[in-house]
Student: 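Got a structure here, written out as structure tokens. Questions coming.
Owing to the predicted nature of the structure, the values given are computational and were not obtained by experimental measurement.
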Amino acid sequence: MPWQTTMQYLINQPVGVSLTDGTGVSGILCTITHNEIYLLEYLYHTQFALKHYPLYRIRDVLPFPSCNAPTPPLY
């Protein structure tokens with residue numbers, strides 16, 4: 001399925017966003033308007049920024065995979 005149809009299910013989830021210029025950003029997908037997505041990104045220390053990206057600049061939006069941390073060995 002194209003990212004445009006699945007993106008609504010990713011609201012309030014951590015996502016990676018691939019942009020058309022070859023760069024990428026990640027954060028929590030907050031909302032989608034007709035022309036933009038709003039992404040809550042971590043800056044540093046205790047600061048976050050709500051940034052917006054026009055849909056025409058987006059190549060793909062992917063959910064973060066689950067963390068399958070290895071189970072420590074039992075002794």
Student: Out of curiosity, Ser18 OG to Ile58 CD1, how far, rounded to the nearest 0.5 Å?
Tutor: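 Interatomic distance, Ser18 OG to Ile58 CD1, rounded to 0.5 Å: 9.5 Å.
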Student: Atom CD in Glu41, atom NZ in Lys51: separation rounded to 0.5 Å?
Tutor: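 Atom-to-atom, Glu41:CD and Lys51:NZ are 4.5 Å apart.
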Student: To the nearest 0.5 Å, what is the distance between CD1 (Ile11) and SG (Cys30)?
Tutor: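 Rounded to the nearest 0.5 Å, the CD1-SG separation comes to 9.0 Å.
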Student: Any chance you could measure Leu62, atom CG, to Phe64, atom CZ, to the nearest 0.5 Å?
Tutor: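 CZ of Phe64 is found 10.0 Å from CG of Leu62.
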Student: Using the rule that Ile, Leu, Val, Met, Phe, Trp and Tyr join whenever any side-chain heavy atoms are under 4.5 Å apart, tell me whether Val17 and Ile28 fall into a single cluster.
Tutor: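 Hydrophobic grouping puts Val17 apart from Ile28.
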Student: Of all heavy-atom pairs between Leu43 and Ala49, which one has the smallest distance, and what is that distance?
Tutor: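 Minimum heavy-atom separation between Leu43 and Ala49: CD1-CB, 3.7 Å.
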Student: Looking at every non-hydrogen atom in both residues, tell me the closest pair between Leu29 and Leu10 and how far apart they are.
Tutor: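 The answer is CB-O, 3.7 Å.
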Student: Restricting to non-hydrogen atoms, name the atom on Tyr9 and the atom on Gln13 that form the minimum distance, rounded to 0.1 Å.
Tutor: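 Looking at all heavy atoms of both residues, the shortest contact is O-CG, 4.4 Å.
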Student: Between Leu39 and Phe48, is there shared hydrophobic-cluster membership here, with clusters defined by ILVMFWY side-chain heavy atoms closer than 4.5 Å?
Tutor: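 In one cluster with Leu39: Phe48, no.
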Student: Applying a strict under-4.5 Å side-chain criterion to I, L, V, M, F, W and Y, I'd like to know whether Tyr38 and Val15 cluster together.
Tutor: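 No; Val15 is not reachable from Tyr38 via cluster members.
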Student: To the nearest 0.5 angstrom, please state how far the CG atom of Asp60 sits from the CG atom of Leu19.
Tutor: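 Going from the CG atom of Asp60 to the CG atom of Leu19 covers 10.5 Å.
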Student: Just by distance, do the side chain of Tyr53 and the backbone of Tyr56 share a donor-acceptor pair under 3.5 Å?
Tutor: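 Judged by distance alone, no pair lies under 3.5 Å.
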Student: Rounded to the nearest 0.5 Å, what separation is found between the CD1 atom of Ile37 and the CZ atom of Arg57?
Tutor: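 So the gap between those two atoms works out to 10.0 Å.
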